[in-house]
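A quick write-up on the structure given underneath.
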Amino acid sequence: QVQLVESGGGLVQAGGSLRLSCAASGRTFSSYAMGWFRQAPGKEREFVAGINWNGARTYYTDSVKGRFFISRDSAQNTVHLQMNSLKPEDTAVYYCAASTYSDNYNNARPGAYNYWGQGTQVTVSS
């Protein structure tokens, strides 16, 4: 069993930055692919970024490429999402997710992930 806890959300002005963190419990974290999703009110949950088990491969949805960066620290059992040049349309609840398939970093389907955090709110004001 893996438990995921997100932190780092908040209110920021357009053009600003935030760094989200996801702390994971469980000895097998280092073998899991990890992803970040987001869900805005009235919209479906959307894939944002993914990273494979060893951090060598990453994948981003088009709307965040060049602005968001995913990384992981397996020694600390954490995954980060650095978000730069934030836009009002980035406003959403952001979720961390883990997949037991170690190279599942580029799978945008929520159903492909086995564990989820509770989410952290990101609000970008214009």
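One-based numbering along the sequence shown. Because the structure is a prediction, the values reported are computed rather than measured. Both backbone and side-chain heavy atoms feed into the values below; hydrogens, waters and symmetry mates do not.
- Closest of all the heavy-atom pairs between Ser126 and Ala14 is CA-CB, 4.4 Å.
- Residues Ser71 and His80 have side chains that never bring a donor and an acceptor to within less than 3.5 angstrom of each other.
- Cation-pi contact between Arg72 and Tyr32: absent, since separation from the ring centre below 6.0 Å together with deviation from the ring axis within 45° is not met.
- Taking OG1 of Thr78 as the reference point, atom CG of Asp73 lies at 4.5 Å (rounded to 0.5 Å).
- Both Phe47 and Val93 are members of a single hydrophobic cluster when ILVMFWY side chains are connected at heavy-atom separations under 4.5 Å.
- By the 30° and 60° cut-offs, the orientation of the rings of Trp116 relative to Tyr95 is perpendicular.
- No more than 12 heavy atoms of other residues, nucleotides or ligands lie within 6.0 Å of CD in Gln76, so this atom counts as exposed by the packing criterion.
- In this structure, Cys96 and Tyr115 have side chains that are not in contact, with every pair of non-hydrogen atoms separated by 4.5 Å or more.
- Annotation: side chain of Leu4 is not in contact with side chain of Gln118 (no heavy-atom distance under 4.5 Å).
- With rounding to the nearest 0.5 Å, the separation of CG in Asp90 from OG in Ser85 is 9.5 Å.
- Across every non-hydrogen atom of Phe29 and Ser74, the tightest pair is CE2-CA, 4.1 Å.
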Under 3.5 Å donor-acceptor pairs involving side-chain atoms of residues 55-63, not counting sequence neighbours:
from, atom 1, to, atom 2, distance (Å)
Tyr60, OH, Ile70, N, 2.9
Asp62, OD1, Lys65, NZ, 3.0
Ser63, OG, Arg38, NH2, 3.4

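- At least one side-chain heavy atom of Asn84 sits under 4.5 Å from a side-chain heavy atom of Phe69.
- Formation of a donor-acceptor pair under 3.5 Å by the Glu6 side chain with backbone atoms of Gly119 is found in this model.
- Between Asn114 and Thr100, the side chains place a donor N or O and an acceptor N or O closer than 3.5 Å (distance only, hydrogens not considered).
- Side-chain polar atoms of Gln121 and Thr123 form a donor-acceptor pair below 3.5 angstrom.
- The backbone N or O of Asn104 lies less than 3.5 Å from no partner atom in the side chain of Asn107, so there is not a single donor-acceptor pair.
- Side-chain contact between Phe68 and Val48 is present, with at least one heavy-atom pair separated by less than 4.5 Å.
- The two residues Val122 and Gly9 have their closest heavy-atom pair at CG2-CA, 4.1 Å.
- Taken together through direct or relayed side-chain contacts under 4.5 Å among Ile, Leu, Val, Met, Phe, Trp and Tyr, Val2 and Leu20 form part of one hydrophobic cluster.
- Counting only heavy atoms from C-beta outward, the side chains of Gln82 and Ser17 approach each other to under 4.5 Å.
- Between Tyr113 and Phe37, the ring center distance clears the sub-6.0 Å criterion.
- A continuous path of Ile, Leu, Val, Met, Phe, Trp and Tyr side chains, each step under 4.5 Å between heavy atoms, connects Leu18 with Leu81, placing both in one hydrophobic cluster.
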